[in-house]
Amino acid sequence: MINDLFLRACKGEPVERTPVWIMRQAGRYLPEYQAVRSKIGFLTLCKTPELAAQLTLQPVDILGVDAAIIFSDILLVAEAFGMNLQLDETKGGPRFTKPIRSSSDIDALSVPDPRSKLRFVLDAIELTKRELQGRVPLIGFCGSPWTLAAYMVEGRGAKDFRRIKRMIFEEPAIVHKLLEKLAETLVIFIESQIAAGADAIQIFDTCGGLLSPDDYREFSLDYLWRVASRAKRNGTPLIVFSKGATALLEEIANIGVDVVGLDWTVDIGEARRRVGARVALQGNLDPTALFASPERIRQEVRTILRKYGKGSGHIFNLGHGILPDTPVSHARALVDAVKEESGAFHQ
């Protein structure tokens, strides 16, 4: 690996500077992505390894980030269970034509083998690894059991995901049955991505913050722990990003992951004091800050670096995905600022 800063930081090993990558870095804010996307549907892009690899490499070449993340989508796992996934172009989001509403709907799901049903993701990882030629590590990913279940029950993205929240109060056993099936599949999917060449794995628990602390422990955290503890990783770093759940940061840090992602609502210095050296931390600039001037972006970068303090164990990232109308020059300004300002914290 020519640039292994990201992997060393994941493990808390010494680094010369803080590594940086950006969630959703292979996406709509890039004109190069838009040029491809204007001709080809999103799901087709995800399922065509050559195109997925091309899009994965774009931010490495354009921004100079320290890690690539495979171009894919968390909901493809749900589709592999037999659910009909469609992209609603008019309303701007994915949806399932027949959401889960009952125990019999869960029984009807076909538990997939990701090594066949999601072969296109694994092929994209293998191809991307060859084309990267060791320039930077490649991150594979999946959604958390809870976040996937929330979409599968709701049928589409929602502000409150009230259907699955009603279900956890009215019929919690049904939700647990679905979560168990998802956790079982995600263990195999993570292992398969690592076998295909992924250098790290990130679990996106973007719906974690919907739950109260007790419900989070029961319906999200416990299944994150099951996945993290059962997947055979052979030292491959595992990152968990649970948006809105940092009140339980210490408990998240104890489930056996290597890195905890932070959204922008928590002070990264306070987070480091709370977890100590148990895990590395990833984050946590507010994505909206990238609409500020490059000078202000650099100032925000300095603030986060200063709050984290000296030493390794920090991967610089946004507190959520980059917004679609972000200027590319501002994303590049972020990456440059981290590279130029962080060395002083590693002397």
Side-chain angles (χ1 to χ4, degrees), residues 6 10 21-28 42 46 52 56 59 67-81 85 93-94 114 118 121 124-125 138-154 156-158 161 164 179 182-183 185-187 189-190 192-194 198-211 216 219-228 231 233 236-246 248-249 252-253 255-266 279-284 287 315 317-323:
F6 166 78
C10 285
W21 69 280
I22 299 172
M23 286 186 281
R24 292 186 189 156
Q25 64 187 18
R28 289 178 289 172
F42 177 77
C46 292
T56 300
I69 184 165
I70 197 68
F71 182 84
S72 188
D73 191 273
I74 65 170
L75 297 183
L76 293 169
V77 169
E79 185 184 49
F81 272 84
L85 175 63
L118 295 166
V121 177
I125 289 173
L138 177 61
I139 304 168
F141 70 88
C142 62
S144 71
W146 165 253
T147 292
L148 290 175
Y151 276 91
M152 292 164 77
V153 171
E154 191 70 29
R156 65 189 328 130
F161 285 87
I164 195 166
L179 291 170
L182 287 166
T185 298
L186 290 172
V187 167
F189 189 35
I190 287 172
S192 301
Q193 290 186 73
I194 293 170
D199 299 295
I201 299 290
Q202 175 153 315
I203 302 176
F204 287 90
D205 185 35
T206 47
C207 293
L210 295 170
L211 298 168
Y216 177 80
F219 294 99
S220 183
L221 189 65
D222 183 55
Y223 290 93
L224 286 169
W225 171 78
R226 294 187 197 198
V227 172
R233 296 186 280 122
T236 302
L238 182 61
I239 308 163
V240 63
F241 173 64
S242 196
K243 185 175 181 289
T246 45
L248 297 174
L249 180 61
I252 297 171
I255 64 172
V257 298
D258 303 281
V259 185
V260 175
L262 304 174
D263 62 34
W264 66 90
T265 63
V266 61
V279 292
L281 296 174
Q282 180 174 277
N284 64 333
I315 299 117
N317 208 314
L318 301 180
H320 199 226
I322 188 169
L323 297 169

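Both backbone and side-chain heavy atoms feed into the values below; hydrogens, waters and symmetry mates do not.
- In this structure, the side chain of Q25 engages the main chain of A67 through a donor-acceptor pair within 3.5 Å.
- Within the model, atoms CD of E79 and SG of C46 stand 9.5 Å from one another, a figure rounded to the nearest 0.5 Å.
- Distance alone, capped at 3.5 Å, is enough to place a donor-acceptor pair between the N284 side chain and the D263 backbone.
- W146 places a side-chain N or O within 3.5 Å of a backbone atom of C207 that can act as its donor or acceptor partner.
- Within the 4.5 Å cutoff, the side chain of F241 has no heavy atoms near those of the Q282 side chain.
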Working for side-chain contact (heavy atoms from CB on, under 4.5 Å), residues L318 and R24 = CA-CA 10 Å; L318 301 180; R24 292 186 189 156; over 6 Å; no

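- Relative orientation of the F71 and F42 rings is perpendicular, given thresholds of 30° and 60° on the angle between their planes.
- Closest heavy-atom contact between I74 and G143: CG2-N, 3.5 Å.
- Side-chain contact between I322 and P287 is absent, with no heavy-atom pair separated by less than 4.5 Å.
- Note that the CD1 atom of I201 and the CZ atom of F141 stand 10.0 Å from one another [nearest 0.5 Å].
- Rounding to the nearest 0.5 Å places CD1 of I125 at 4.0 Å from CD of Q193.
- For the atom pair I139 CD1 and T236 OG1, the distance stands at 12.0 Å (nearest 0.5 Å).
- With rounding to the nearest 0.5 Å, the separation of CG in L85 from CG in D73 is 7.0 Å.
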Given side-chain contact (heavy atoms from CB on, under 4.5 Å), test L148 with L75 step by step and report yes or no.
-> CA-CA 7 Å; L148 290 175; L75 297 183; 4.1 Å; yes

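- Of the possible donor and acceptor atoms, one in the side chain of N317 sits under 3.5 Å from a partner among the backbone N and O of M23.
- Inter-residue side-chain proximity for H320 and T206 is flagged as met; some heavy-atom pair is nearer than 4.5 Å.
- What you find for A149 and L179 is that their closest heavy atoms are CB-CD2, 3.8 Å.
- When atom types are taken as modelled, the side chain of T147 and the backbone of S144 share no donor-acceptor pair closer than 3.5 angstrom.
- The minimum heavy-atom distance between A231 and I190, with the atom names listed, is CB-CG2, 4.1 Å.
- Residues L224 and V257 form no side-chain contact, since every pair of their non-hydrogen atoms from C-beta on lies 4.5 Å or further apart.
- T185 is listed as a side-chain neighbour of P114, based on a closest heavy-atom distance under 4.5 Å.
- Of the possible donor and acceptor atoms, one in the side chain of D258 sits under 3.5 Å from a partner among the backbone N and O of L238.
- Side-chain atoms of S242 and I252, non-hydrogen and from C-beta on, do get closer than 4.5 Å to each other.
- Between L262 and L249 the shortest heavy-atom distance is CD2-CD1, 3.8 Å.
- Between W21 and F6, the ring-plane angle classifies as perpendicular under the 30° and 60° cut-offs.
- Closest heavy-atom contact between A52 and T56: O-OG1, 2.7 Å.
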Give the intermediate values and the outcome of side-chain contact (heavy atoms from CB on, under 4.5 Å) for residues L76 and F189.
-> CA-CA 11 Å; L76 293 169; F189 189 35; over 6 Å; no

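- Closest heavy-atom contact between A253 and V260: CA-CG2, 4.1 Å.
- Atom CG of L281 and atom SG of C10 lie 11.0 Å apart (nearest 0.5 Å).
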Check the pair Y223, L182 against side-chain contact (heavy atoms from CB on, under 4.5 Å), reporting the backbone distance first and the verdict last.
-> CA-CA 9 Å; Y223 290 93; L182 287 166; over 6 Å; no

